Amino acid sequence: MDALKNGADTLFILLGGILILAMHAGFAFLELGTVRKKNQVNALVKILVDFAVSTIAYFFIGYTIAYGVNFFSDAATLSSRNGYELVKFFFLLTFAAAIPAIISGGIAERAKFHPQLVATALLVGFVYPFFEGIVWNHNFGIQAWLKASLGAEFHDFAGSVVVHAVGGWVALPAVMLLGARRGRYSNSGAIAAHPPSSIPFLALGSWVLVVGWFGFNVMSAQTLDKINGLVALNSLMAMVGGTLAGVVAGKNDPGFAYNGPLAGLVAICAGSDLMHPFGALLTGVIAGGVFVWMFTLTQNKWKIDDVLGVWPLHGVCGAWGGIAAGIFGQHALGGLGGVSFFAQLLGTLLGITIAVAAGWTIYIILKKTVGIRLDAEEEYNGADLSIHKISATAERETSW
């Protein structure tokens with residue numbers, strides 16, 4: 001029976017890892033559809049290579065920092081329990097690799113390629129696992145202190161804060177240090193729209209992310225005996241709530257319509273195992289509305305050129321998700337209880353603080369040493385030709 005359970009758990013978490021790996025294709029196509037045509041190849045290559053660098057950094061450094069586990073044992077030891085621990089690494093790696101995938105959308109169209117790979121290695125090797133270990137492995141006694149002081153630990157079932165808020169709040173300093181795309185904002189106050197290059201690809205990216213998200217959330221149980229359909233239904237309700245809020249607040253704009261479900265899913269990660277479906281629906285509705293409002297504010301009023309809106313989507317909605325778990329997870333609002341609003345608030349603020357501090361430090365150092373931005377001519381020609389020497393379509397290369 002133990003062998004059967006180990007095999008079932010290994011398959012369960014493997015399928016979760018595969019679903020989340022597929023989400024990285026969603027990140028790629030969401031970015032490809034949003035950026036201009038001259039930057040589409042760069043979007044595709046960045047997500048793939050970032051994942052490869054993330055794997056190396058997390059395998060050799062990050063996983064050990066977070067969980068105290070390394071892979072310097074013989075194959076017989078590593079493959080015990082049907083290799084469950086190995087597949088668990090793969091599953092958690094797909095979460096870690098979401099950090100650079102999130103950042104990629106914010107810095108699109110003007111960031112250098114190789115300096116960003118250095119940032120990816122540092123973030124996935126050191127920064128992300130530091131906070132991941134605090135929350136999910138009880139490192140440094142912070143969770144114990146929260147429980148003793150406030151009656152509950154910081155609860156983040158699937159990473160509203162650990163993954164999304166951290167990724168979004170690291171991206172904010174990167175976007176600000178890069179500066180806006182050339183021509184985006186004029187001295188007269190006019191704003192160049194830079195519309196998406198492909199709504200169909202943008203929509204495809206969103207759909208792939210949405211489908212994979214059910215692995216992201218449901219399979220965060222990590223073993224088959226802990227799976228709960230409540231997580232799936234809450235994810236669904238938050239998704240549709242975010243969709244409806246996005247399309248209404250965004251006045252039928254397809255970009256908002258397809259980012260709305262992502263906002264809802266970002267927000268529900270933390271409390272998806274605790275909330276009543278009504279609470280999940282409201283969490284998603286608020287997240288969808290907040291995304292539209294904050295995206296518009298950052299782009300038009302504050303003139304922060306966050307191309308895909310990753311700070312509003314992942315940073316702000318992720319923070320909302322951490323706090324929402326402390327509201328709608330309460331018994332009084334139909335939740336399962338066992339959470340503290342103030343523990344959720346403090347845990348969320350800790351994640352934001354670590355992310356912002358790390359983001360500013362890493363990107364300032366890179367900016368002052370090797371530079372992080374393409375020069376004016378390279379940006380004008382586009383990252384595809386400047387970095388990869390080929391465009392997504394052949395029109396500019398053919399001579400007949």
Side-chain angles (χ1 to χ4, degrees), residues 21-54 97-117 119-120 167 171 174-175 178-184 191-212 253-259 261-262 295 299 304-314 372-399:
L21 176 61
M23 291 177 71
H24 288 266
F27 280 119
F29 279 95
L30 187 73
E31 183 175 335
L32 181 157
T34 305
V35 299
R36 290 170 290 178
K37 285 185 178 180
K38 60 184 179 179
N39 298 294
Q40 289 181 328
V41 171
N42 183 241
L44 293 172
V45 175
K46 272 193 303 179
I47 301 298
L48 177 65
V49 180
D50 273 337
F51 188 88
V53 172
S54 296
I99 299 297
I102 290 167
I103 296 167
S104 176
I107 63 174
E109 301 204 334
R110 74 275 201 205
K112 287 184 175 180
F113 185 64
H114 293 103
Q116 178 55 28
L117 297 182
T120 292
V175 169
L178 269 173
R181 289 167 288 178
R182 289 177 174 87
R184 177 77 169 121
I191 301 173
H194 291 356
S197 60
S198 174
I199 295 297
F201 275 135
L202 186 159
L204 174 65
S206 178
W207 270 116
V208 173
L209 283 165
V210 164
V211 172
D253 182 286
F256 288 133
Y258 272 99
N259 277 282
L262 307 184
F295 180 88
Q299 297 283 338
I304 298 173
D305 192 17
D306 178 351
V307 181
L308 267 69
V310 299
W311 177 66
L313 180 63
H314 297 276
I372 57 176
R373 181 161 181 159
L374 298 173
D375 65 35
E377 183 177 357
E378 290 172 329
E379 187 179 337
Y380 176 79
N381 289 330
D384 293 356
L385 292 176
S386 298
I387 297 172
H388 309 288
K389 312 306 179 187
I390 192 168
S391 66
T393 52
E395 288 88 347
R396 295 181 67 177
E397 282 75 52
T398 55
S399 58

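Source: prediction; values computed, not measured.
- In this structure, the side chain of Arg373 engages the main chain of Leu178 through a donor-acceptor pair within 3.5 Å.
- At least one donor-acceptor pair under 3.5 Å links the side chain of Asp384 to the backbone N or O of Asn42.
- Remark: Asp305 pairs with Arg181, Arg184 by the salt bridge (charged side-chain N to carboxylate O under 4.0 Å, His left out) rule, at least two apart or across chains.
- Here NE2 of His194 is found 6.5 Å from CD of Glu109. Values are rounded to the nearest 0.5 Å.
- With sequence neighbours excluded, the residues that form a side-chain hydrogen bond (donor to acceptor under 3.5 Å, both in side chains) with Gln116 are Tyr363.
- Once rounded to the nearest 0.5 Å, the distance linking CD1 of Ile102 with CG of Leu313 reads 8.0 Å.
- A distance of 11.0 Å separates CD1 of Ile199 from OG of Ser206, quoted to the nearest 0.5 Å.
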Handout entry: Verdict with supporting geometry, Val307 and Glu31, side chain to side chain contact (heavy atoms under 4.5 Å, CB included)
Key = CA-CA 9 Å; Val307 181; Glu31 183 175 335; over 6 Å; no
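- With sequence neighbours excluded, the residues forming a ring pair (Phe, Tyr, Trp, His ring centres under 6.0 Å) with Phe27 are His24, listed by chain and number.
- The minimum heavy-atom distance between Ala28 and Leu44, with the atom names listed, is CB-CD2, 4.0 Å.
- Exactly one residue among Arg182, Arg36, Lys38 makes a salt bridge (Lys or Arg N to Asp or Glu O under 4.0 Å) with Glu379. That residue is Arg182.
- Considering all non-hydrogen atoms of both residues, Val210 and Pro261 come closest at CG2-CB, 4.1 Å.
- Results of the side chain to side chain contact (heavy atoms under 4.5 Å, CB included) test with Leu202 over Tyr258, Phe29, Trp207 single out Tyr258 as the only residue that passes.
- By the 4.5 Å heavy-atom criterion applied to side chains, Leu374 and Ile387 are counted as neighbours.
- Of all the heavy atoms in Ala174 and Ile107, the pair that sits closest is CB-CG2, 3.8 Å.
- Nearest heavy-atom pair across Val208 and Ala22 is CG1-O, 3.2 Å.
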Exercise for the section: Show the numbers, then the answer: is there a side chain to side chain contact (heavy atoms under 4.5 Å, CB included) between Met23 and Leu209? Expected result: CA-CA 5 Å; Met23 291 177 71; Leu209 283 165; 3.9 Å; yes
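- Shortest non-hydrogen contact noted between Pro115 and Ile372 is CB-CG2, 4.5 Å.
- The 12-atom threshold is not exceeded at CZ of Phe201, counting heavy atoms of other residues, nucleotides or ligands nearer than 6.0 Å.
- Rounded to the nearest 0.5 angstrom, Lys46 NZ and Asn39 CG are separated by 8.0 Å.
- Residues forming a ring pair (Phe, Tyr, Trp, His ring centres under 6.0 Å) with His388 (at least two apart in sequence, or on another chain): Phe113.
- Not a single side-chain hydrogen bond (donor to acceptor under 3.5 Å, both in side chains) links Ser386 to another residue, sequence neighbours left out.
- Separation of atoms OG1 (Thr34) and CG (Leu32) is listed at 8.5 Å; rounding is to 0.5 Å.
- Between Lys112 and Glu378 there is no salt bridge, since no side-chain N of the basic residue sits under 4.0 Å from a carboxylate O of the acidic one.
- Residues forming a side-chain hydrogen bond (donor to acceptor under 3.5 Å, both in side chains) with Asp50 (at least two apart in sequence, or on another chain): Thr120.
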Exercise for the section: Might you work through the side chain to side chain contact (heavy atoms under 4.5 Å, CB included) test for Leu385 and Ile390, ending with a clear yes or no? Expected result: CA-CA 5 Å; Leu385 292 176; Ile390 192 168; 5.5 Å; no
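- The OG atom of Ser104 sits 4.0 Å away from atom CD1 of Ile47, with the distance rounded to the nearest 0.5 Å.
- Pairing each heavy atom of Val310 with each of Ala171, the nearest pair is CG2-CB, 3.7 Å.
- Note: Phe256 and Phe295 have perpendicular aromatic rings, judged against thresholds of 30 and 60 degrees for the angle between ring planes.
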